Amino acid sequence: PLLPRALLFTATTQGSAANLLALPDVLAEFSPLQPLVILGGQAFKSMHLPNWVPAVYLDGTPSTMVAALENLLLESLPVN
């Protein structure tokens, strides 16, 4: 089975972003380890999903986005 540490979604339109409302049901398939959900794109500049959709929103230049993604992934590593 796949065990992703993170899932990244981008959306240009609010309609595309609204398709992610079912995300909690999809994430339940990954139980017990929940991947980090990262959202970005034009649609999320003017809308956010409800609080029950667990996600981190990113916005910025490509270089700041890469740095932010790297930091999020490093922070999500388990501590041994």
Side-chain angles (χ1 to χ4, degrees):
L2 293 176
L3 299 172
R5 288 191 12 230
L7 299 172
L8 173 62
F9 298 94
T10 63
T12 304
T13 66
Q14 290 185 359
S16 295
N19 288 325
L20 295 174
L21 289 172
L23 197 54
D25 295 331
V26 174
L27 291 176
E29 301 287 323
F30 292 101
S31 196
L33 299 174
Q34 296 284 309
L36 176 64
V37 176
I38 304 164
L39 304 177
Q42 190 67 33
F44 296 112
K45 290 185 178 187
S46 59
M47 89 173 262
H48 280 185
L49 298 176
N51 288 338
W52 46 267
V53 179
V56 175
Y57 295 87
L58 294 181
D59 183 31
T61 65
S63 59
T64 59
M65 295 288 282
V66 168
L69 286 169
E70 288 175 343
N71 287 334
L72 285 170
L73 290 172
L74 287 172
E75 290 172 5
S76 70
L77 287 174
V79 177
N80 293 332

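Because only heavy atoms are used, hydrogens play no part in the values below, and waters and symmetry mates are left out as well, while side chains stay in. Given the structure is predicted, the values throughout are model-derived calculations rather than measurements.
Under the 4.5 Å side-chain heavy-atom criterion for Ile, Leu, Val, Met, Phe, Trp and Tyr, Met65 and Val37 are members of distinct hydrophobic clusters. Taken together through direct or relayed side-chain contacts under 4.5 Å among Ile, Leu, Val, Met, Phe, Trp and Tyr, Val66 and Leu39 form parts of separate hydrophobic clusters. In the hydrophobic cluster analysis, where Ile, Leu, Val, Met, Phe, Trp and Tyr join through side-chain heavy atoms closer than 4.5 angstrom, Leu20 is grouped together with Val53.
Contacts classified as side-chain hydrogen bond (donor to acceptor under 3.5 Å, both in side chains) and involving residues 59-68 (residues at least two apart or in different chains) are given here: Thr61-Ser63, Thr61-Thr64.
Interatomic distance, Ile38 CD1 to Leu69 CG, rounded to the nearest 0.5 Å: 5.0 Å. Note that CG of Leu36 and CD of Gln34 are 11.0 Å apart. Values are rounded to the nearest 0.5 Å. In this structure, Leu21 CG and Trp52 CH2 are separated by 5.0 Å, a value rounded to the nearest 0.5 Å.
The shortest heavy-atom contact between Tyr57 and Leu49 is OH-N, 2.8 Å.
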Contacts under 3.5 angstrom, residues 6-16 side chains, donor-acceptor by atom type, not counting sequence neighbours:
| from | atom 1 | to | atom 2 | distance (Å) |
| --- | --- | --- | --- | --- |
| Thr13 | OG1 | Ser16 | N | 3.1 |
| Thr13 | OG1 | Ser16 | OG | 3.0 |
| Gln14 | NE2 | Ser46 | OG | 2.9 |

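Counting heavy atoms of neighbouring residues, nucleotides and ligands inside a 6.0 Å radius, atom CG of Asn51 does not exceed 12 of them.
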